[in-house]
Amino acid sequence: MGVLRHSFFAHKAPNVARALLGQYLVRKRGKNVSRYIIIETEAYDGFHDRASHASRGKTPRNEVMFGKAGQWYVYFVYGMHEMLNIVCGDVGYPSAVLIRAVGGIVGPARLTKALGITRAHNKKLASRASGLWIERSGTRVPSRAIVRTPRVGVAYAGEWAHKKWRFILSDTKRRPKG
DNA sequence: ACGATGATGAAC
DNA sequence: TTCATCATCGTA
């Protein structure tokens, strides 16, 4: 399936976060290519979202969030963990989606560790050239398969903390009882 | 429940 | 230059 590019990401982060569920995160290391279905995301959107790094203006760390959609934003936190985000929205409008979990790997720090993603990917385009990209899945995700919750670890963010900007692809393997 | 572990940004 | 904070995780 096709590589997702700028036009997919140039929208508001919550919409992109939801649309990413069921798509494939693809990692190429050497000659080995692995695909992982995206099952959990979080949106960080705009100047006023107090949970977002961008809420205190542009800084050296977060400047990629203000740039063109479709770039990776990878940052270091807690002295040991790397977090993988994809930049969204229009140039000048800071937003990004944190990829928190893929099939078989749950947790944003576990994900980057397992796939060998580091700050070296920061500001790189999500493309084959960077060895890390996203491909469209053929199958449609019905909205009833998506669970929305508040974001994790942002209790400090006041009223922004309870926005339901975390999107989870619920277990589809169950069939309706009948 | 808590410590690991270091970059970041704001204050001074 | 110092300091509190941090989009987490493993061990207890």
Dot-bracket, 5' to 3', for DNA chain C please: Watson-Crick or G-U pairs under 3.5 Å, [ ] where pairs cross earlier ones, | where the partner sits on another strand, dots elsewhere. ||||||.||||.

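- In this entry the distance linking CE of A/Met65 with P of B/dG9 reads 12 Å, nearest Å.
- Rounded to whole Å, the distance from CZ on A/Phe76 to P on C/dT8 is 14 Å.
- Each of A/Leu125, A/Asn85, A/Ile99, A/Asn122 was checked for a side chain to side chain contact (heavy atoms under 4.5 Å, CB included) with A/Trp72, and the lone residue meeting it is A/Ile99.
- Of the possible polar contacts, one joining the A/Glu82 side chain to the A/Arg119 backbone as a donor-acceptor pair under 3.5 Å is found.
- Around atom CZ of A/Arg27, more than 12 heavy atoms belonging to other residues, nucleotides or ligands sit under 6.0 Å away.
- With rounding to whole Å, A/Glu82 atom CD is found 11 Å from B/dG6 atom C1'.
- The residue among A/Arg119 and A/His81 whose nearest nucleotide of DNA chain B lies closer to the 5′ end is A/His81.
- A donor-acceptor pair is defined here as one N or O able to donate and one able to accept, closer than 3.5 Å; no such pair exists between the side chain of A/Trp165 and the backbone of A/Thr149.
- Residue A/Val152 places its side chain closer to C/dT8 than to any other of C/dT8, B/dG9, C/dA7.
- Residue contacts for A/Met80: at a heavy-atom cut-off of 4.0 Å it reaches a base atom on one of the strands shown.
- Here A/Glu63 pairs with A/Lys123 in a salt bridge; the nearest charged N to carboxylate O distance falls below 4.0 Å.
- Rounded to a whole Å, the CZ atom of A/Arg61 is 8 Å from the C1' atom of C/dC6.
- Using a 4.5 Å heavy-atom threshold, the side chains of A/Phe8 and A/Leu20 count as touching.
- Between A/Tyr75 and A/His53, the distance separating the two ring centers is shorter than 6.0 angstrom.
- Remark: C1' of B/dT8 and CZ of A/Arg56 are 9 Å apart, rounded to the nearest angstrom.
- For the pair A/His53 and C/dA7, the criterion of a side-chain N or O lying under 4.0 Å from OP1 or OP2 is met.
- Figure legend: A/Arg148 and A/Phe167 shown without cation-pi pairing, the cationic atom not lying both under 6.0 angstrom from the six-membered ring centre and within 45 degrees of its axis.
- A salt bridge links A/Asp49 to A/Arg151: one of the charged nitrogens lies within less than 4.0 Å of a carboxylate oxygen.
- Distance OH (A/Tyr156) to P (B/dA10): 13 Å, rounded to an integer number of Å.
- Residue A/Arg151 is out of contact with every strand shown, counting any heavy-atom pair closer than 4.0 Å.
- Within residues 93-117 of chain A, no residue has a heavy atom under 4.0 Å from DNA chain B.
- In this structure, the CZ atom of A/Arg50 is 13 Å from the P atom of C/dT5, given to the nearest Å.
- Scanning atom types as modelled, no donor and acceptor separated by under 3.5 angstrom connect the side chain of A/Tyr78 and the base of B/dA7.
- In this structure the side chain of A/Tyr44 never reaches within 4.5 angstrom of the side chain of A/Ser95, judged on heavy atoms.
- Using P as the reference atom, B/dT5 and C/dT2 are 22 Å apart when rounded to the nearest Å.
- At whole-Å resolution of the value, CG in A/Asn85 and P in C/dT8 are 11 Å apart.
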